[in-house]
Amino acid sequence: MISFVQTLSDLLWDALQRAFPDASLPNACLEITLSTQPHFGHYQCNSAMRFSKALGCSPRTIAETWLKALPANTFIAKVDIAGPGFINIWVQADAVTAQLTMMASRERLCLPQALAERIVIDFSSPNIAKQMHVGHLRSTIIGDCLARIFEYLGFDVLRLNHIGDWGTAFGMLIAYLKQHQPDVLSGQQHTDLSHLVNWYRASKKSFDEDADFKQIAQQEVVALQRGERDSLHAWQIICAISKENYQEIYDLLDIRVTDRGESFYNPLLAATVNDLTAKGLVSISDGAKCIFLEGFSNRDGEPLPLMIQKSDGGYNYASTDMAALKHRVEVEHATRILYLTDSGQAQHFAMIFKAADLAGYLKQEGITVRLDHVPFGLVLGPDGKKFKTRSGETEALIDLIQAAIVEADRLLQERGLDLSAEALHHTAHVLGINAIKYADLSNNRIHDYVFSYERMLRFDGNTAAFLMYAYVRIQSLKRRTKVNPSIYLNTPLELLQPAELELGLHLLRFEEILRQISHDLLPNRLCEYLFNLAEKFNAFFRDCRVEGVSEQNARLHLCDITARILKTGMELLGLKVIEKM
RNA sequence: GCGCCCGUAGCUCAGUUGGAUAGAGUGUUGGUUUCCGAAACCAAAGGUCAGAGGUUCGAUUCCUCUUGGGCGCACCA
């Protein structure tokens, strides 16, 4: 759909060229934005000031000449010049109605991409033999949300879980299990992640303190990488136990992601290193294969390497990331790759991206692959420091989620709702998880944010519950009037009152918001949009009676579109929508 | 030391091609229901946008410096 701003922009651009046919304007792009104040109209154009120099006269004169050339049209109701040369625009309700009707007639509320660009989103990425913790929460939630938005926009999205399932740690864990837990490896004894975590700690201790064990562990790594059957089998058992644990979390959070861990790229590592070497990018430093890149130096001011092979011949995460990038471009044909990790890895990815560019991995069939590191800040505890439990341990994600659900349950019970125990429990479940997700997504991801059950579970303010409440209220109203949807959906929309027009204009901006997020990758913009939508609906609902008035069915139609966008928007954030609460 | 990120109301945060009087939420104070869900709405109060300079018609936004905080910087990922 051509956005409303675009339509206005086209109209004004034509007028500008008619008004100043001989002028060469510096910028073919008009600046049209939402008005900053209600009395400045619906939209404002700020370009007259910018053109002042090029046209050699004052912004006000430009604006006056410009608007005289604006032909009569069905979009603009009124224009006005204010201040130094701002052009304020009031739109015609009929034009909004027409666009809204067109939008609502489609099953999907925005147009799909002309070309289904292939986009890889690398997110979540827990580590085998470790609990998922808050650090994985943001990657998982934000990554899933971006994936949903890109899918909705019609991109061909490949969600990849780059699990930490390979590397030196497995040697010691396998060695330890062989020595102390043979029944687990033989499959005779089932176990869970909490035991695994303890064994991991114990094996680490032995590794650090016992030279003999260390040697055995290192041999296990070699055996594993060689693909020896016993070692591989042990590795598979360890992975399976871990996956059980994080699949439980993904089920709770409704996250869909394809497992493709570091181990997947193991067979590609040697070839990748060879390829980089053949391209002359690699030099040997202290026995390790390194790529030295301009602009990166270490604490002693010496060049900082991107190490792609260790001096002992082993590979590390840079090797895997280079191989993965190559695979995603060459085999998966990705034209864009997003990496959802904390901002601490910014330098690492900056180096990976630069090295990939130098190696020519980003040019494929005339297309330049776009790489985005999508960084995010830390989750902080109430003390403003990195989130920890009271005992100072890193909090397991599963506990965190359960706690939110328990807290939501308690709050709902306090309210004394007219719900069955089962319905209340279900609502608490949805509310708890929605609250965690929304609290995360509604903050700008760049910043650290303070985690607080109390704040995220509030029923008022910019929270998940506020959006859910706005939605159920609309659904309730639709039920209450007992009008068959086929009747109100076929009743022409009318935007008579200012609050109706405001709501209608806001509804039209949905696609524009999603497109913007596909560029800046900031889901908080969708949260803000939906929060404003709920507010504008509340204003409409305050000013415009729905039930039992002559405009009833037209207004029910508007309510229905509002509910659809609220629902779609919440689903794009990964929130569950309920019909009653 | 080098590099990256951040500093906006008491608190939590928006504010991205530079736009008019910097906005929400929360908290505080006051108000709104014979009427569609008051889990709502309205209003008041609250600011040196960390500080200083620069760029220009215009800077929270871009540049430089200062300051405070966070993170990264060779064989863990």
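Sequence lines set the chain letters: A, B, ... in the order given, protein chains first and strands last, and positions in each chain run from 1. Atom set for the values below is all heavy atoms of this structure, side chains included, hydrogens, waters and symmetry mates excluded.
- Using atom C1' as the reference point in both A45(B) and U29(B), the two lie 8 Å apart (nearest Å).
- Using a 3.5 Å distance cut-off with no hydrogens or angles, the side chains of T341(A) and H373(A) do pair a donor with an acceptor.
- For the P atoms, the distance linking G58(B) with U21(B) amounts to 13 Å, nearest Å.
- Nearest-nucleotide assignment on RNA chain B puts the 5′-proximal partner with L380(A), out of L380(A) and L412(A).
- Between Y317(A) and Y315(A), the distance separating the two ring centers is not shorter than 6.0 angstrom.
- Between M351(A) and L293(A), the shortest heavy-atom distance links the atoms O-CD1, 3.5 Å.
- With Q225(A) contributing its side chain and V221(A) its backbone, the two residues share no donor-acceptor pair below 3.5 Å.
- Between A74(B) and N316(A), no contact under 4.0 Å exists linking OP1 or OP2 to a side-chain N or O.
- Taking the six-membered ring where the residue is Trp, W235(A) and F170(A) present perpendicular rings, their angle passing 60° and hence far from 30°.
- A gap of 10 Å separates the C1' atoms of G25(B) and A14(B), to the nearest Å.
- Here H39(A) does not reach the OP1 or OP2 of A20(B): none of its side-chain N or O atoms lies under 4.0 Å away.
- In this structure, N462(A) does not reach the A24(B) phosphate: none of its side-chain N or O atoms is under 4.0 Å from OP1 or OP2.
- Taking the nucleotide of RNA chain B with the nearest heavy atom to each of G287(A) and F541(A), the more 5' of the two is matched to F541(A).
- For the pair F264(A)/H162(A), no side-chain contact is recorded, criterion being any heavy-atom separation below 4.5 Å from C-beta on.
- Between the P atom of C13(B) and the CG atom of L522(A) lies a distance of 16 Å, rounded to the nearest Å.
- Residue R555(A) contributes atom CZ, which lies 16 Å from atom P of C36(B) at whole-angstrom precision.
- Scanning atom types as modelled, one donor and one acceptor separated by under 3.5 angstrom connect the side chain of S285(A) and the base of A74(B).
- Judged by centroid separation below 5.5 Å and plane tilt below 30°, Y317(A) does not stack onto the base of C76(B).
- For F531(A), the side-chain atoms get nearest to A24(B) when compared with the rest of G37(B), A24(B), C13(B).
- Using a 5.5 Å limit on the distance between ring centres and a 30° limit on the angle between planes, the aromatic ring of Y469(A) does not count as stacked on the six-membered base ring of G37(B).
- For A44(B) and C71(B), the P atoms lie 42 Å apart once the distance is rounded to whole Å.
- Nucleotides G51(B) and A9(B) place their P atoms 10 Å apart, quoted to the nearest Å.
- Between the side chains of N462(A) and S442(A), no donor N or O sits under 3.5 Å from an acceptor N or O.
- Comparing the same atom, C1', in G68(B) and in G27(B) gives a spacing of 27 Å after rounding to whole Å.
- Helical stems involving RNA chain B, defined as 3 or more consecutive Watson-Crick or G-U pairs under 3.5 Å, span B:1-7 with B:67-73, B:10-13 with B:23-26, B:28-32 with B:40-44, B:50-54 with B:62-66.
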